[in-house]
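Letters A, B, ... mirror the listed sequences (proteins, then strands); counts begin at 1.
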There are 2 protein chains.
Amino acid sequence: MQLSNSSQYAIRILSYMALEQDSKLLNATQLAATLQIPYKFLTKIMTEVVKAGLVVSIRGREGGYRFEKPTSQIIVSEILKIFNDSIEDKQCVLGIGFCNGVCKCALHDQWMKPKLLMQKMFEESSLADIAGKGCKQ
Amino acid sequence: MQLSNSSQYAIRILSYMALEQDSKLLNATQLAATLQIPYKFLTKIMTEVVKAGLVVSIRGREGGYRFEKPTSQIIVSEILKIFNDSIEDKQCVLGIGFCNGVCKCALHDQWMKPKLLMQKMFEESSLADIAGKGCKQ
DNA sequence: CATAAATACTACTTAAAGGTAGAATTAAAT
DNA sequence: ATTTAATTCTACCTTTAAGTAGTATTTATG
Ligand code: SF4
Ligand code: SF4
């Protein structure tokens, strides 16, 4: 019952980036050192984030990563989607998920509430929200 | 954001067993066939459940598994505990979990609610509750 | 142009979860 | 006593997540 390491790292990286100037260029070496994430793993993750279009990368000397759109428009659940970690409607605690409304186990109704809260949390939190209110991780 | 396969299987097995008579002896072959769980994996899981004391096993011919105490006294979170899948208080979405109340990220407060609901769900549901209200999986 | 500093790509290694095989042990039934 | 049907044990195999290594590519700077 936890996000994958990749998702966790990605959220930490991007919310740290959001704390800095939106437009500022940040490179992998600095990020890895600051956030204590293995450099090679960080670049692997960031490459996926770039492919997903959440961030642009500038290659070559003096390059780095930068948001293109404002961080208020980048939603946490978009990040999770990249690593197949976002919460689907049909997703069930028991991994079955096909039980119809009539024939359902007793966990079903109880599971609805936390599931919806988590979906809401991930779908209604932007990076700006996260970064603005918190401390550096 | 899902339980491990072992936990999922264990919940399904035990809640199915709870549907049958509490005292009835059920064997691995039948359970595996009924629940569509690989026989060898089922016995592996059940051995751990037995070791945890949730179920007693009768070895030898005509043997099988049976609850010793009533299913109303077996709590879902006890099952999860066996597979290190229960939700801890300090557990954090980002796997950090050491941030104090003063310095916390914006996910922190939002995460509290669903986390507490899930803990409540797992700690306040007995097998009798689950089995009584639902259909066979 | 040459160099240096950055990301991207390909491939590999390691660790953990998920699952399987076979033999050992137990005990009822005959 | 032997057989048969059950759990348990030990060891292994497979798949996926996590992490690493090395090289290629890109580009500003001098
Ligand atoms: S009824 Fe139970 S097993 Fe079926 S989808 Fe709902 S929570 Fe999952
Ligand atoms: S502040 Fe954020 S990172 Fe820290 S424990 Fe709370 S949710 Fe986790």
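- Within the 4.0 angstrom heavy-atom criterion, no nucleotide atom of any strand lies near Phe83(A).
- Every side chain to side chain donor-acceptor pair (under 3.5 Å) that Gln119(A) has, sequence neighbours left out, goes to Asp89(A).
- The closest donor-acceptor contact from the side chain of Trp111(A) to the backbone of Met121(B) lies at 3.5 Å or more, if one exists at all.
- The distance from the OH atom of Tyr65(B) to the CE atom of Met17(B) is 9.0 Å, given to the nearest 0.5 Å.
- The nearest whole Å value for the distance from the CD atom in Gln2(B) to the C1' atom in dG18(C) is 14 Å.
- For DNA chain D, the contact window with chain B, defined by any atom under 4.0 Å from a protein heavy atom, covers dT4(D) to dC9(D) in 5' to 3' order.
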Which is it for Val93(A) and Met118(B) under the side-chain contact (heavy atoms from CB on, under 4.5 Å) test, yes or no, and what are the steps along the way?
CA-CA 10 Å; Val93(A) 221; Met118(B) 287 191 289; over 6 Å; no

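- Going from atom NZ of Lys115(B) over to atom CG of Leu117(B) covers 12.0 Å, rounded to the nearest 0.5 Å.
- Remark: Asp85(B) engages Ser4(B), Ser7(B) in a side chain to side chain donor-acceptor pair (under 3.5 Å) (not counting sequence neighbours).
- Pairs engaging residues 24-58 of chain A under the ring-ring contact (aromatic ring centres under 6.0 Å, His included) rule: Tyr9(A)-Phe41(A) [sequence neighbours left out].
- Panel note: side chain Glu48(A), backbone Ser6(A); no donor-acceptor pair is recorded below 3.5 Å.
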Readout for nucleotides 1-11 of chain C: B = base within 4.0 Å of protein heavy atom, S = sugar-phosphate only, - = neither; 5' to 3' it is ---BBBBBS--

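- Annotation: the terminal axes of the helix from dC1(C)-dG30(D) to dT30(C)-dA1(D) meet at 10°, where each axis is the rotation carrying the C1' atoms of four end pairs onto the next four (5 pairs per end, rounded to 10°).
- For the atom pair Ile58(A) CD1 and Leu26(A) CG, the distance stands at 12.0 Å (nearest 0.5 Å).
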Could you check Ile45(A) against Phe83(A) for side-chain contact (heavy atoms from CB on, under 4.5 Å), going step by step and ending with a plain yes or no?
CA-CA 9 Å; Ile45(A) 287 168; Phe83(A) 306 99; 3.7 Å; yes

